[in-house]
Protein chains: 2
Amino acid sequence: VRAALPALLSLLAACAAAPTRAPTQAEVLAASSASDWRRPDPQSTLYLELSSGRVVIELAPDFAPLAVANILSLARAHYYDGLKVVRVQDNYVVQWGDPDGKRPVPGPERLVPEFTRTAKLPFTRLAGRDAYADVVGHSEGFPVARAGDATWLVHCYGMVGIGRDNDPATGTGTELYAVMGHAPRHLDRNMTLVGRVLQGFEHLTALPRGAGAMGFYTEGAELATIERVRIAADVPVEERSALEVLRTDTATFGALTEARRNRREPFFLRPAGAVDLCNVPLPVRPVP
Amino acid sequence: VRAALPALLSLLAACAAAPTRAPTQAEVLAASSASDWRRPDPQSTLYLELSSGRVVIELAPDFAPLAVANILSLARAHYYDGLKVVRVQDNYVVQWGDPDGKRPVPGPERLVPEFTRTAKLPFTRLAGRDAYADVVGHSEGFPVARAGDATWLVHCYGMVGIGRDNDPATGTGTELYAVMGHAPRHLDRNMTLVGRVLQGFEHLTALPRGAGAMGFYTEGAELATIERVRIAADVPVEERSALEVLRTDTATFGALTEARRNRREPFFLRPAGAVDLCNVPLPVRPVP
């Protein structure tokens, strides 16, 4: 019996090292390594400062280079400072801009729409069906769809885009919106998306809904103020929000997606066996 | 030339009568007839009264008969009156109940979970792909999925369900949640859904997000109060919210879905050609 003990101990160790249950999302993240995470480029990270707190937006210059350049330029010119949240439509979007349209706008009056990209960009495909596109996945941390040579950002919760009139060239970034409802994917390839909210979205999503058509505030309503918008790189390091984002081109991200597809927490009696593009978690954490 | 005029006029009339463009959602609704609409049964309609206004919920007794009966019984016993919104998790759910779990609960301590139904129920199939289920559509005004004999309500924005512990029989309706983010379809067939919000959801969705784990409010937070919950049938007729809901078993609903799948408004440059189950509009209007 005593002779069998080492073998038994080694078997126990093997069991402990290789549990038969697949890991949960929390377990996948806990086991992640430092290289699974990246720090968003401060040159393309925006801080929207409201009295209630900061909204951090990571811009996507590889997907909308002209629009992102113009937004950065508008931010540096302090165009956005003091603008208002003009629209909060439940289950759709929150939008901010100049309610009177009277503020002088630095920069171009028109911008070429950037609805899709044909540049070669990294891509991690998401297995499964998508209602809107044949091929979906992630690129540089953003949810995307693909067809042929074209890649485009899609309208998941928290994605930020450029408001426009019917003429697609009228959106230059003076008015921005963020998706705050079930993904309005019918907007894909109809709008220039420019990034996504990484942190603090609740400062916008918990605002009172606008009483007017399409959630615009009506006259006399108290509008929340975007006190100022700054580029992270222009803010002293000690005042920056030090965040890391899980890379979407890693095995850890694949394992996380799988843990989301088939939830293993005791609460779930029946794992879904599927995950919708806009339900894939894109974790953000403070720099450890 | 004069002889050709009648033919020309008749051609013009034909053009006007049969526009080549498919109708928009607004045009489909404007052309709907009275019989396209139904009035929710006041015996299974709940009013949640908050200081900011009323939230109207249509219950789904055909999908969760035991749960709905118990919720109606709890409402008649005034169990819900004075309960609190205990959880608001951005892009997920708002949940209300007894924060201390100390209020005496009338009725059963356990309920059989009603995650799926095998009863024969009306069904209008939605064409297209769904990430989670092979067959989806609508039944009695609710978004549903199907497999074999089973039908189940799905977690679209505004759907209301029963909170529970890990044990599936622990949810009796004392704590309810409503979906207020991108559809968390991984909860389908893991929760008993009981209905959907028809009106006034903004009284819940615009509440401050909870600062604790999973959006629960932390100690000291000011919690919104559900002042009272009443069944519409128990409220004097003149105090009821007189609402109509578009029937989902009509040609008008089919046309509306198609107008949503391919947006024809001038704003849309590229119709999506698809519509996700939780993006299909389920119109509600005041009784004309």
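Chain naming here is simple, since letters A, B, ... match the order of the sequence lines and numbering starts at 1 in each.
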At a heavy-atom separation under 4.5 Å, does [X] approach chain A through its side chain, its backbone, both, or neither?
X       : answer
P266(B) : both
F268(B) : both
R263(B) : side chain
P113(B) : neither
D165(B) : backbone
L269(B) : both
D130(B) : backbone

### Message
On a heavy-atom basis, which atom in V275(A) and which in Y132(B) lie closest, and how many Å separate them?
### Response
CA-OH, 3.5 Å
### Task
May I ask you to establish whether R164(A) and F267(B) are in a cation-pi arrangement, using a distance under 6.0 Å from NZ or CZ to the six-membered ring centre and at most 45° from the ring axis?
yes
### Query
After noting the C-alpha distance and the side-chain angles of N279(B) and H182(A), does the key distance pass the side chain to side chain contact (heavy atoms under 4.5 Å, CB included) rule?
CA-CA 7 Å; N279(B) 259 325; H182(A) 187 75; 3.8 Å; yes
### Task
Decide yes or no on side chain to side chain contact (heavy atoms under 4.5 Å, CB included) for T205(A) and R209(B), but give the supporting numbers first.
CA-CA 9 Å; T205(A) 59; R209(B) 277 48 182 153; 3.5 Å; yes
### Task
Please determine, among M191(B), R260(B), E265(B), H203(B), the option with the most heavy-atom pairs under 4.5 Å with chain A.
R260(B)
